[in-house]
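First up is the structure itself, then whatever we jot down about it.
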Amino acid sequence: MSREYVLKPYHPEIKLQIDYPRELNPQQLAAVTAPPGPALVIAGAGSGKTRTLTYRVAYLLESRRAEASQILLLTFTNKAAGEMIRRVKELGLDFPPIWGGTFHSIGARILRTHADVIGYQRDFTILDRDDAKDLIKACIAEVKIETKDTHFPKPDVLNEVFSFAANTHQPIEQIMDEKYFYLLEKYEGENELEEDVSRLFQCYIARKRSTNAMDFDDLLTLWLKLMQDNAELRDYYQEKFKYILVDEYQDTNKLQSDLIDLLAAKHHNVTVVGDDAQSIYAWRGANFANILEFPKRYPGAKVFKIETNYRSTPEILAVANAAIAANVNQFAKELAPARKPGVKPALVACQDAGQQAAFIAQRALELRDEGVSLNNVAVLYRSHFHALELQLELTRQQIPFSITSGIRFFEQAHIKDATAFLKFVANPRDEISFKRLVMLLPGIGAKGGDKLFQSFTAKMADGGWRIEGNIQHPTSNTQHPIAAKLQSCTKSVPKKAAVAWSQFVATISQLEDATVRKSAAKMLRLVMDAGYDDYLKETFDNYERRLEELQQLAEFAFQFGSVEEFLTQLALLTNVEAEDDSAAKDDAEKLKLSTIHQAKGLEFDAVFVIMLCDGMFPSTRSMESNEGEEEERRLFYVAITRAKSELYITYPLIRAGYGSTGMDSMQQPSRFLAEIPKDLLNEWNLR
C-alpha cells in the first residue's frame, strides 16, 4: 500500500525592513499585502495609487514571494514605471531591476528577442506615424485604388482606422460602419469602400512584413500573436512572470486586456489598479468593461477599495461623491477626506460667456492676492473652444496664462485652413493664406502654389486695383473681384486640380458677396458648407471633433463687428499661445488652462470648471446614449477631484450671438448640476 507525502518547502523567517502598517493606511495595507491570486484595487482620486503600487512591488520583493525578474509592471508611460521603480529603491531595498514599462516598450523588448519566430528579423524597424502614412501611400498605389474625385480617405485617416481595428479586435468593416460611417456617405458605393480599405489593410500588413518593419500597434498585436501561436514561448513567459501589476487599468483596451489575461493564465497573480470613475478615454479605444468585469473574468478575485483621499477638502469630496453617484455602471465607493474642513464649492451662474470670463479673471487675481500662486490655479473645460472668450479676457487684462491642452487651438490645421479663407478675402495679397488654400487642392504642391500665386499677383497688377497703405482695393464695380482674378488664372492650374479649382473660385466668390463678407461667422459657415466639411472627413481621423470646433468658432465669431476685428483678435490670441510655448520653461506665474482629459492626474489649489451647460458639458453627442452620458459624468468627476482647496463651477445663462441666426440663445444648465444637492454648494450671485 503506497502513500503520498507532500514535502513543504522550508521558508526561513523573513524580517521585513519596511514597517508597512506605519507607512500605509489600512486600505492601502490590505491591497499591498494581499495574498497570491487575482486582485482588483479600486484606488479613488487622490488616494495614493502610486504609493500603493510602489509598496506592493516592495512587499513582493521583500517577502520573497517573487524574484525581481519574475515581476512585470505595466504602465501607460515609461515615466510612471520609472517613478515607481525609483521609489522602490528609495525605500532602501537593493534588488535587481524588475521588468517595468509601457505595454509597447515591453512588447518591443520581447519581440526583439523572438522576432524570428514570427518571420521577422531582430533588427526590425519601428515605424513612426509619418513612416506608416508613407507606407500606406505606397500600398494605395500597389493595389491600384483610384483616389481622384472618389473621396477616398487620406493615409492619416486610414492609419487611424487600422490602429483602432488592431486595438479593439474589430474587423475593418465593423469599424467603418460604426465609427467612420461618415466616410461611406460620399463614396460611390459603401461596400466598395469597405472592400478597398480591407484590401489596403492586407497590403499594408504584407508590406510591413516584407520590409521588416512594425508599426506601433504591431508591438502589441504581434506580441499577442507570438504568445498565442507558440506554446513553448507562451509557457515560458507565463512561468517567468509570476506576478503581474497593471497601472491605470481603466484605460486599457481589448488588446491590452487580452495580453494581460494570457500572461496571467498560469499563476493568476495579477494585480490591476485603477479607478472606474476615471475611465474617460473610450473615444480612443479604452474598454470600460475591462475594469468593470474583472471579477467575472477572474472568479475569486479580491476587490480592494482605497477611498481615503489626501488631496481635497471634505466639502469638495462631498460634491465629487454626489456627482458620480448617478452612474449605474460602477463600483460603488465613497471618497473619505483626510484633510480638515474648508470652504464650500461655489456654483456661479453667469449672464453670458463674457461675464463668466470676467469672473474667472477677477477671482484668479483675488486668489493670487490671498497667497495662491497662479501656477496652482486651473481652469478646466470639456473642449478647446469653451475657453475662447476666457482667452480674450485674460489677454485684455494682461493676466498671464498657459494652455496645456495639447496642440494650441489656433495652430491646429483645420482652424488655420478655415481662417485662411477669411484672411485671403480680407487681404488678397496674403501669400501665406493663398498658398495654404491652393495646396489643399489635389495635385498642387509647393512649386504649384508658387506658380499660381505669381500668376494671381500678375493678374492683379494688370489693373482694376488700387493700393491704400498696404492693402489693395478693387477700382472697378466688379462684384467679386478676387474670384474674377482667380478665374483668369485657370490656365495655370494642373488638370488634376481643375474641378477643385472651379469649386475654390466659386467659394471665394460667395465669400466676397456683400451679404457674407461683413460677418466672420457667416464666412466660416460658408467655408464648411462649400466643401471643407468633405475635406475634413477624408483627411482627419477625428473629423467630428474638428467639425464641432469649427462650428463653435463660427458661433464665437458672431460677437465681432467685422471680419478684420475677428482676425485681429485671433492673431493676438495665437501670438499669446506662441509666446507661452517659447517661455514654457520660465518661472513666471501663469494661470493654467486645460481640457479635463489633459489635466487627469494633476492637482491644483483652486479649480474653475466652466461651461456646465447641456450640449456643452455633457456634449450633445454624448447625451444620445447612456454609455456616453456616464462617461461625461466621469469626466465631470475627474474635473472636480483635481481641486485641493477651492472649487468654482460656472455656466452662462445666455450664449450671446450664438446659433444659426446669430441671435442670443438661452442655455440649459448641465443635467449634472441637478444631481448635486443644493446644500453642498454655495451659490454666488454676480452683479
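Source: prediction; values computed, not measured.
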Give the C-alpha distance, both sets of side-chain angles, the deciding distance and a yes or no for side chain to side chain contact (heavy atoms under 4.5 Å, CB included) between V343 and E646. CA-CA 7 Å; V343 296; E646 296 193 39; 4.0 Å; yes
Do E627 and F288 have side chains that get closer than 4.5 Å, going by heavy atoms? no
Quick check for you: to the nearest 0.5 Å, what is the distance between L24 atom CG and T308 atom OG1? 11.5 Å
Rounded distance (nearest 0.5 Å) linking atom CD of Q397 with atom OG1 of T395: 10.0 Å
State the CG-CG distance between L681 and L673, to the nearest 0.5 angstrom. 8.0 Å
Salt bridge flag under 4.0 Å for residues E334 and K305: no
Ion pair check, R634 and E631, cut-off under 4.0 Å: yes
Criterion salt bridge (Lys or Arg N to Asp or Glu O under 4.0 Å) on E548 and R545, from CA distance to verdict: CA-CA 5 Å; E548 184 180 27; R545 178 182 68 77; over 6 Å; no
Closer than 3.5 angstrom, by distance alone: can the side chain of R339 be matched with the main-chain N or O of K644 as a donor-acceptor pair? yes
Where do Y535 and H414 land on the ring pair (Phe, Tyr, Trp, His ring centres under 6.0 Å) test, with the steps shown first? CA-CA 10 Å; Y535 176 80; H414 60 298; over 10 Å; no
Atom CD in Q551, atom CD in E549: separation rounded to 0.5 Å? 10.5 Å
Nearest heavy-atom neighbours spanning G342 and E315: N-OE1, 2.8 Å
Between E683 and K344, is the closest basic N to carboxylate O distance under 4.0 Å? no
Test the K592-F604 pair against the cation-pi criterion, namely NZ or CZ under 6.0 angstrom from the six-membered ring centroid and within 45° of the ring axis. no
Point-to-point distance, once rounded to the nearest 0.5 Å, from CD of Q552 to CZ of F385: 4.0 Å
When you compare the side chain of Y55 with that of L29, does any pair of heavy atoms fall below 4.5 Å? no
SB check E675 R671 (cutoff 4.0 Å): no
Quick one: does Y648's side chain get under 4.5 Å of L367's, heavy atoms only? yes
Stepwise side chain to side chain contact (heavy atoms under 4.5 Å, CB included) check, T52 with V273: CA-CA 9 Å; T52 301; V273 182; 5.7 Å; no
Is the side chain of Y281 donor-acceptor paired with the backbone N or O of H597 at a distance under 3.5 Å, no angle test? yes
Counting C-beta onward and ignoring hydrogens, is there a side-chain heavy-atom pair between F672 and I640 closer than 4.5 Å? no
Any salt bridge between E393 and R396, counting N to O under 4.0 Å? yes
Within 6.0 angstrom of N682 CG, more than 12 heavy atoms from elsewhere: yes
Verdict with supporting geometry, F162 and I175, side chain to side chain contact (heavy atoms under 4.5 Å, CB included): CA-CA 9 Å; F162 299 164; I175 298 293; over 6 Å; no
Without hydrogens or angle criteria, can the side chains of R525 and S519 be said to hold a donor-acceptor pair below 3.5 Å? no
Please evaluate residues Y651 and M616 with respect to the criterion side chain to side chain contact (heavy atoms under 4.5 Å, CB included), reporting the C-alpha separation (whole Å), side-chain torsions for both, the decisive distance (0.1 Å), and the verdict. CA-CA 10 Å; Y651 64 94; M616 300 187 73; over 6 Å; no
What is the ring orientation for H104 with F216, classed by angle as parallel under 30°, tilted 30 to 60°, or perpendicular over 60°? parallel
Separation between CD1 (I324) and CD (Q330), nearest 0.5 Å, reads 5.5 Å
For the pair Q174 (side chain) and Q170 (backbone), establish whether a donor and an acceptor sit closer than 3.5 Å, ignoring hydrogens and angles. no
Parallel, tilted or perpendicular for F294 and Y298, by the 30°/60° rule? parallel
Donor-acceptor list for residues 245-254 side chains, cut-off 3.5 Å, not counting sequence neighbours:
{"unit_1": "D247", "atom_1": "OD1", "unit_2": "K49", "atom_2": "NZ", "d": "2.9"}
{"unit_1": "D247", "atom_1": "OD2", "unit_2": "K49", "atom_2": "NZ", "d": "3.4"}
{"unit_1": "E248", "atom_1": "OE1", "unit_2": "Q250", "atom_2": "NE2", "d": "2.7"}
{"unit_1": "E248", "atom_1": "OE1", "unit_2": "K600", "atom_2": "NZ", "d": "3.3"}
{"unit_1": "Y249", "atom_1": "OH", "unit_2": "R297", "atom_2": "NH2", "d": "2.6"}
{"unit_1": "Q250", "atom_1": "OE1", "unit_2": "D275", "atom_2": "N", "d": "3.0"}
{"unit_1": "T252", "atom_1": "OG1", "unit_2": "Y249", "atom_2": "O", "d": "2.8"}
{"unit_1": "T252", "atom_1": "OG1", "unit_2": "N290", "atom_2": "ND2", "d": "3.0"}
{"unit_1": "N253", "atom_1": "OD1", "unit_2": "L255", "atom_2": "N", "d": "3.1"}
{"unit_1": "N253", "atom_1": "OD1", "unit_2": "Q256", "atom_2": "N", "d": "2.8"}
{"unit_1": "N253", "atom_1": "ND2", "unit_2": "N167", "atom_2": "OD1", "d": "3.1"}
{"unit_1": "K254", "atom_1": "NZ", "unit_2": "D258", "atom_2": "OD1", "d": "3.0"}
{"unit_1": "K254", "atom_1": "NZ", "unit_2": "D258", "atom_2": "OD2", "d": "2.8"}

Hey, is E83 close enough to K79 for a salt bridge, meaning N to O under 4.0 Å? no
E589 (side chain) donor-acceptor with L374 (main chain) under 3.5 angstrom: yes
Looking only at atom types and distance, does a side-chain atom of Q27 sit under 3.5 Å from a main-chain N or O of E307, one as donor and one as acceptor? yes
Indicate yes or no: at least one non-hydrogen side-chain atom of Y532 is less than 4.5 angstrom from one of L550. yes
Taking side chain as C-beta onward, heavy atoms only, is F359 less than 4.5 Å from I610? no
For the side chain of N321 and the backbone of L317, is there at least one donor-acceptor N/O pair under 3.5 Å apart? yes
What are the two closest heavy atoms between Y310 and S47, and how far apart are they? CE1-O, 4.1 Å
Are any side-chain N or O atoms of R56 and backbone N or O atoms of A34, one a donor and one an acceptor, separated by less than 3.5 Å? yes
Flag the pair R382 and E632 as a salt bridge only when some basic side-chain nitrogen lies within less than 4.0 angstrom of an acidic carboxylate oxygen. yes
May I ask you to test the I291-L40 pair for a side-chain heavy-atom distance under 4.5 Å? yes
Between I654 and M666, is any pair of side-chain heavy atoms under 4.5 Å apart? yes
Within 6.0 angstrom of K179 NZ, more than 12 heavy atoms from elsewhere: yes
Ignoring hydrogens and geometry, is there a side-chain-to-backbone donor-acceptor pair from N327 to N329 under 3.5 Å? no
Counting only N and O atoms by type, is there a donor-acceptor contact under 3.5 Å from the side chain of D276 to the main-chain atoms of F331? yes
Give a yes or no on whether the backbone of N375 and the side-chain of S373 come within a donor-acceptor separation of less than 3.5 Å. yes
